[in-house]
Amino acid sequence: MKEFIKDLLTVKLFESRNLMGEAVANAVSEKINELLSKQPFVNIIFGAAPSQNEFFRALIKKNIEWSRLNAFHMDEYIGLDANAPQGFGNFLKDRLFTKVPFHSVNYIDGNAADYKKECLRYTELLNKFETDIVCLGIGENTHLAFNDPHVANVNDPYFVKRVDLDLQCRTQQVNDGCFKELDEVPTHALTLTLPALLKAPYAFCTVPGEKKAKAVQLTLTQHISDDLPSTLLRIHKHAVLFLDDQSSALLDNKF
């Protein structure tokens with residue numbers, strides 16, 4: 001493992017995807033247990049993507065008092081069938097939320113009849129259960145959640161909003177193997193905004209794979225701006241970026 005700091009962001013590089021996933025799980029579980037020693041519950045936002053698979057597999061094996069954790073999910077497509085495996089709530093349910101006994105699991109409803117009311121409902125939940133930890137990834141276009149560059153706003157007045165997805169974001173869903181063709185990928189989603197994500201005192205960002213190498217390079221080398229949303233991790237006081245050998249391939253700091 002190699003480690004360096006860029007602005008306020010700690011960056012950790014691992015020689016394989018599995019080693020990276022285990023390290024994220026260790027760090028997150030240690031923080032959870034530290035917080036549980038001081039407070040009755042811990043509230044965590046989880047991102048849903050294949051990039052998180054190794055982390056989830058390792059996390060569910062950790063010694064954590066799961067019944068004191070409230071789980072939230074980060075974004076959801078609009079208009080997918082409620083049982084579609086590509087739905088992010090279903091993704092998290094399959095890999096994490098049904099694997100351990102959370103105190104509560106709180107889903108965003110991408111099929112709500114009134115999306116404005118759904119955004120307000122989820123905002124109220126986030127305000128009631130203030131986030132302690134956010135576990136997220138970075139998109140190929142540097143998005144955080146579904147805050148693609150054209151809709152990202154670090155000063156967004158909303159915590160949850162409806163967005164349209166850019167072409168690179170939708171193409172990534174095909175690259176990840178979630179959809180067979182671009183036409184199958186929804187064009188809109190509900191997402192937690194940048195302020196909602198960055199408000200979390202602790203952020204653990206997991207980014208493996210060669211297709212993320214360019215986004216990682218941009219994240220760590222370009223001017224901090226919501227034009228490149230992931231660069232904002234560099235101004236978070238307690239954020240850690242976990243990379244594997246492929247996602248870190250374009251960095252000067254190599255093994």
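The residues of the chain are indexed from 1 along the displayed sequence.
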Can you name the residues that form a side-chain contact (heavy atoms from CB on, under 4.5 Å) with Thr171, not counting sequence neighbours?
Leu167, Asn175, Leu182

Please list all pairs passing the ring pair (Phe, Tyr, Trp, His ring centres under 6.0 Å) test where one or both residues lie in residues 187-213, with sequence neighbours left out.
Tyr202-His238

Atom CG of Asp114 with >12 non-hydrogen neighbours under 6.0 angstrom
yes

Is there side-chain contact between Phe56 and Cys135, with at least one heavy-atom pair below 4.5 Å?
no

Taking every non-hydrogen atom, the tightest pair across Ser230 and Thr219:
OG-OG1, 2.6 Å

Suppose we call two aromatic rings close when their centres sit under 6.0 Å apart. Are Tyr77 and Phe146 close by that rule?
yes

Shared-cluster residues of Leu218, by chain and number - hydrophobic side chains joined below 4.5 Å:
Leu228

Which atom pair, heavy atoms only, marks the closest approach of Leu9 to Ala239?
CD1-O, 3.5 Å

Look at atom CD of Gln39 and say whether more than 12 heavy atoms of other residues, nucleotides or ligands are closer to it than 6.0 Å.
yes

If you apply the rule side chain to side chain contact (heavy atoms under 4.5 Å, CB included), what do you find for Ile138 with Leu241, and how did you get there?
CA-CA 10 Å; Ile138 292 173; Leu241 175 62; 4.1 Å; yes

Face-on cation placement of Lys93 at Tyr107 ring, 6.0 Å and 45° thresholds:
yes

For the residue pair Val42 and Leu35, what are the closest heavy atoms and their distance?
CG2-CB, 3.6 Å

Qualifying salt bridge (Lys or Arg N to Asp or Glu O under 4.0 Å) pairs with a residue from residues 29-47, counting only residues at least two apart or across chains
Lys31-Glu34, Glu34-Lys38

Quick one: list whatever passes ring-ring contact (aromatic ring centres under 6.0 Å, His included) with Phe102, sequence neighbours left out.
Trp66, Phe97

If you link ILVMFWY side chains whenever their heavy atoms are less than 4.5 Å apart, which other residues fall into the same cluster as Leu8? By chain and number, please.
none

Strictly by modelled atom types, are His143 and Asn141 linked by a side-chain donor-acceptor pair under 3.5 Å?
yes

